[in-house]
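Residue numbering restarts at 1 for every chain, and letters A, B, ... go by the order of the sequence lines. Just so you know, these numbers use all the heavy atoms, side chains as well, and skip hydrogens, waters and symmetry mates.
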There are 2 protein chains.
Amino acid sequence: MSATTKQRIVEAGAALFRRQGYSGTGMKQIAAEAPAPFGSIYHFFPGGKDELGAEVIRISGRAYGQLVPMVFDAEPDVAIATRNFFIGAANALRASEFEDACPIATVALEVASTNELLRLATAEVFESWIKALAERFKRNGLPARRARELAVAMIAILEGAFVLSRAMRDARHVEVAGEVMAAAVRAALKERPVGSRKVR
Amino acid sequence: MSATTKQRIVEAGAALFRRQGYSGTGMKQIAAEAPAPFGSIYHFFPGGKDELGAEVIRISGRAYGQLVPMVFDAEPDVAIATRNFFIGAANALRASEFEDACPIATVALEVASTNELLRLATAEVFESWIKALAERFKRNGLPARRARELAVAMIAILEGAFVLSRAMRDARHVEVAGEVMAAAVRAALKERPVGSRKVR
DNA sequence: GTCTATAGAAGGATAGAC
DNA sequence: GTCTATCCTTCTATAGAC
């Protein structure tokens, strides 16, 4: 069964917003890319571009967040899993000619000071990613506060490495960020005696 | 002596691009904000919006890069200086209601896949920041390669923390990033025996 | 160099036939 | 639910008087 018109609109919006940003993408362009009749966008999203934008942010954010369990379930050592996450991100960047980085970062920066509805949508996505990561770190024996700090740092360095890599066209920056982050995770785990670590 | 018309145009463009992004800012808005007659923009920047954008990126990048010597000259311990850099950035965010973060990151993401002229301008700015930071780390005894990796990581985690802080309206994320980065710098310095460190 | 007016294209959004 | 036509605004850019 093929995708519905609404799904195609959301997917086209996601691809264009990620690549060109929110302001840089027109509704007509989304309709052409979907493809879908122009009027159908307003049929499914009566709130217009903002409503579509919020939906795209939520859907893209949920999809990307699923990479966390995918990568961390596959590797018992969290420091290695952390490094693997960045290696995967770097490879995705290369395979997409530096387009496939964070699905919402460009929009997040564009709307942070200009569109409260969309800013809140991006904030909720970031919070969900931080929570998911912090949960992983907690399972490995880190206290809640420390786990959250590491999670914030990991999302931050990943996002920033995406900025550098896309601008400078060098995916190794993401891998370098991964090495530094993995070392930080390893160091945090060593802060506590081995006996106090929970086994997963 | 007051600012020239051209300077006012560049400054207005810098403020608006940082806040609203490149696509989200109109030439007329820049003229109104400067303030300057609309035609004057094209008098000083015959290449239009792209030429103005490239100039804004270069000027803003140079100005922000000057914070590196400012912060690192004031504190001999590089790990502490690193932390101080992030504390200063967090305070600037708070003082500006989360507008005054990286002057070029929003534009960098917007143009990375759509405007090669501006992408190159942002890449040159990032490269200059990385070089300046790596130089500081080298002065403290780190080998060139390691120094550059740390510099990339530091710019990355700062940029990403800006994204999170602006979206989530919480400047502490920048401070958390600073603590993690300062620890990474401290750990890197300890990798080598004390005797092999160069004194500045 | 300053400023106004306007061209020509593209933007978001709506109406209404089918 | 699909699709076209169109409204009105805004955009970048240019022309030309002063």
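The separation between A:Leu52 atom CG and C:dA13 atom C1' is 14 Å, rounded to whole Å. One atom, CD1 of B:Ile9, and another, P of C:dG1, lie 11 Å apart when rounded to the nearest Å. The nearest whole Å value for the distance from the CG atom in B:Asp50 to the P atom in D:dC11 is 16 Å. Taking atom OH of B:Tyr42 as the reference point, atom P of C:dT4 lies 17 Å away to the nearest angstrom. The distance from atom CZ of A:Phe45 to atom P of C:dT14 is 15 Å, rounded to the nearest whole Å. Atom-to-atom, NZ of A:Lys49 to P of C:dA13 comes out at 8 Å; the value is rounded to the nearest Å. The CZ-P distance, from A:Arg8 to D:dG1, rounds to 13 Å in whole Å. Atom CD1 in B:Ile41 sits about 13 Å away from atom P in C:dT4, given to the nearest Å.
Between A:Phe72 and A:Phe85, the angle of the ring planes lies from 30° to 60°, which puts this pair in the tilted group.
In this structure, OG1 on B:Thr122 lies 11.0 Å from CD on B:Glu110, to the nearest 0.5 angstrom. The line from CD of A:Glu75 to CE of A:Met70 is 16.0 Å long, rounded to the nearest 0.5 Å.
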Identify each atom pair where a protein N or O and an N or O of nucleotides 2-8 of chain D are less than 3.5 Å apart, giving names and distance.
residue, atom, partner, partner atom, Å
D:dT2, OP1, A:Thr5, OG1, 3.1

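Salt-bridge check for A:Arg186 with A:Asp77: failed, with every basic side-chain N at 4.0 Å or more from each acidic carboxylate O. With respect to B:Glu11 and B:Arg8, no salt bridge is recorded, no charged nitrogen being found less than 4.0 Å from a carboxylate O.
The ring pair (Phe, Tyr, Trp, His ring centres under 6.0 Å) test applied to B:Phe137 returns no partner, not counting sequence neighbours. Among residues two or more places apart in sequence or in another chain, the side chain to side chain donor-acceptor pair (under 3.5 Å) test is passed with A:Asn84 by none. Here B:Phe17 pairs with B:Tyr22 under the ring pair (Phe, Tyr, Trp, His ring centres under 6.0 Å) rule; sequence neighbours left out. For the side chain to side chain donor-acceptor pair (under 3.5 Å) test, residues two or more places apart in sequence or in another chain that qualify with A:Glu175 are A:Arg94.
For DNA chain C, the residues of residues 14-26 of chain A within the heavy-atom distance limit of 4.0 Å (strictly under) are A:Thr25, A:Gly26, sorted by number.
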